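Take a look at the structure set out below.
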Amino acid sequence: MASVIIAGVGAYTPERILTNADLCKMVDTSDEWIRTRSGISERHIAGPDEATSDLALKAAAAALKDANISASEVDLLIVATATPDYPLPSTACVVQHKLGIPPHATAFDIAAACSGFVYALEIAYGQLLTGRYKCALIIGAEKLSSIVDWSDRTTCVLFGDGAGAAVLKKVDQDGIGIIGSDLGADGELAEYLYIPAGGSRCPSSAKTVAEKSQFLRMKGKEIFKNAVRVMETVAREMVEQHHLTFDQINLVIPHQANVRIVEALAGNLGVPLERFYVNIDRFGNTSSASIPIALDEARRAGRIKPGDYTLLVAFGAGFTYGSTLIRW
Ligand SMILES: CC(C)(COP(=O)(O)OP(=O)(O)OC[C@H]1O[C@@H](n2cnc3c(N)ncnc32)[C@H](O)[C@@H]1OP(=O)(O)O)[C@@H](O)C(=O)NCCC(=O)NCCS
């Protein structure tokens with residue numbers, strides 16, 4: 001029997017750090033409000049010359065190095081992003097060219113917002129199992145600072161920029177790597193987090209710019225409630241489907257949107273918070289990059305050991321959600 005393993009991971013966050021104190025000079029907020037409501041102390045912000053693909057490239061190079069694999073071996077490249085370099089071509093094509101992935105590779109973007117990395121994992125997992133591809137590189141990369149209204153205190157304090165990547169391969173061994181993957185979507189909740197303009201429904205114009213409709217709009221309280229609900233459901237289902245208990249899950253890596261969402265999830269699942277990986281204090285919400293950045297850090301920090309079970313659990317605009325169970 002064959003399995004699909006994560007052969008390497010890598011991450012990159014821009015050098016510039018924007019602290020809560022910096023934000024206090026930009027909008028009417030306070031360090032205390034941001035920390036107590038979200039758990040965030042600082043976030044990384046890309047420079048004016050850095051686009052999403054630049055962040056993606058650095059994370060991808062680190063993941064390839066970690067896996068000891070050259071770019072020429074990659075035949076499937078998926079970039080999950082809500083902030084592509086351009087409406088077209090895909091950011092994946094930009095990365096493919098700059099990284100030196102051969103032209104016979106398949107390269108495309110997916111739009112699943114903050115669930116993008118677990119969506120990409122499932123797609124790559126399925127494709128590798130069929131034998132159609134041999135080596136997949138998946139990347140979650142975001143320059144969210146480009147879609148945030150920096151005069152709107154209800155959103156701008158929450159987000160940051162960054163990228164994380166993983167290399168996936170099929171191996172002839174049973175019961176390791178990706179054990180299970182489950183995704184979901186509920187478009188009825190789309191209005192809770194969206195960008196009104198810049199797409200085909202409302203193309204950019206002087207009017208949309210004047211109305212700031214190119215920036216994201218969010219109903220925070222509704223997202224909070226639904227995030228806890230869907231993450232609890234997919235986490236429980238994944239663990240039960242594989243005849244495990246949460247005592248056997250060594251580490252849960254949730255999407256990093258708000259530490260209070262993670263605390264509520266941990267409480268509902270009855271899992272101690274110490275078994276959740278949390279780094280939102282230093283990065284804010286980096287959307288599709290948040291899980292792979294956390295995965296990379298957790299591995300480096302020795303929080304993941306051979307034989308361990310790790311559960312990834314995500315939610316995002318759409319609403320999208322999903323979970324991945326990994327055995328190392
Ligand atoms: C956004 C969020 C942090 C707000 O926390 P909350 O406890 O729900 O706060 P509220 O919305 O009740 O706001 C309380 C007050 O703080 C104010 N406020 C909002 N942002 C503020 C800020 N940055 N600084 C100071 N005050 C702020 C509000 O205006 C409101 O004032 P009012 O009571 O006078 O109307 C929280 O709802 C959240 O994280 N939701 C999920 C968002 C998310 O994850 N989005 C991404 C999904 S991938």
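The figures that follow rest on heavy atoms only: side chains count, while hydrogens, waters and symmetry mates do not. Numbering of ligands and ligand atoms starts at 1, following listing order. Being a predicted model, the structure only gives us computed values, none of them experimental.
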>> How about NZ on K170, more than 12 heavy atoms from neighbouring residues, nucleotides or ligands closer than 6.0 Å, or not?
In response: yes

Note down each nitrogen or oxygen pair, ligand 1 side and protein side, whose separation is under 3.5 Å; give only atom names and the distance to 0.1 Å.
unit_1   : atom_1 : unit_2 : atom_2 : d
ligand 1 : 5 (O)  : R260   : NH2    : 3.4
ligand 1 : 7 (O)  : R37    : NH1    : 2.9
ligand 1 : 7 (O)  : R260   : NH2    : 3.2
ligand 1 : 8 (O)  : K221   : NZ     : 3.2
ligand 1 : 9 (O)  : R37    : NH1    : 3.0
ligand 1 : 12 (O) : K221   : NZ     : 2.6
ligand 1 : 16 (O) : W33    : NE1    : 3.2
ligand 1 : 23 (N) : T29    : OG1    : 3.1
ligand 1 : 23 (N) : R153   : O      : 2.9
ligand 1 : 24 (N) : T29    : OG1    : 2.7
ligand 1 : 26 (N) : W33    : NE1    : 3.4
ligand 1 : 26 (N) : R153   : NH1    : 3.4
ligand 1 : 29 (O) : R153   : NH2    : 3.2
ligand 1 : 37 (O) : G220   : O      : 3.4
ligand 1 : 39 (O) : N258   : ND2    : 2.7
ligand 1 : 40 (N) : G220   : O      : 2.9

>> So, using side-chain contact (heavy atoms from CB on, under 4.5 Å) as the criterion, who are the partners of T91 when residues are at least two apart?
In response: T52, S53, V79, T81, P84, D85, V95, D109

> Should we say atom CG of D172 is surrounded by more than 12 heavy atoms from elsewhere, each under 6.0 Å from it?
Replying inline: no

>> I'd like to know if the side chain of S323 pairs up with that of D182 as donor and acceptor (distance under 3.5 Å, no hydrogens or angles considered).
In response: no

> Distance only, no hydrogens: is a donor on one side chain within 3.5 Å (strictly under) of an acceptor on the other, for R282 and N279?
Replying inline: no

>> Whether the E142 and S288 side chains hold a donor-acceptor pair (N or O, under 3.5 Å, no angle test) is what I'd like checked.
In response: yes

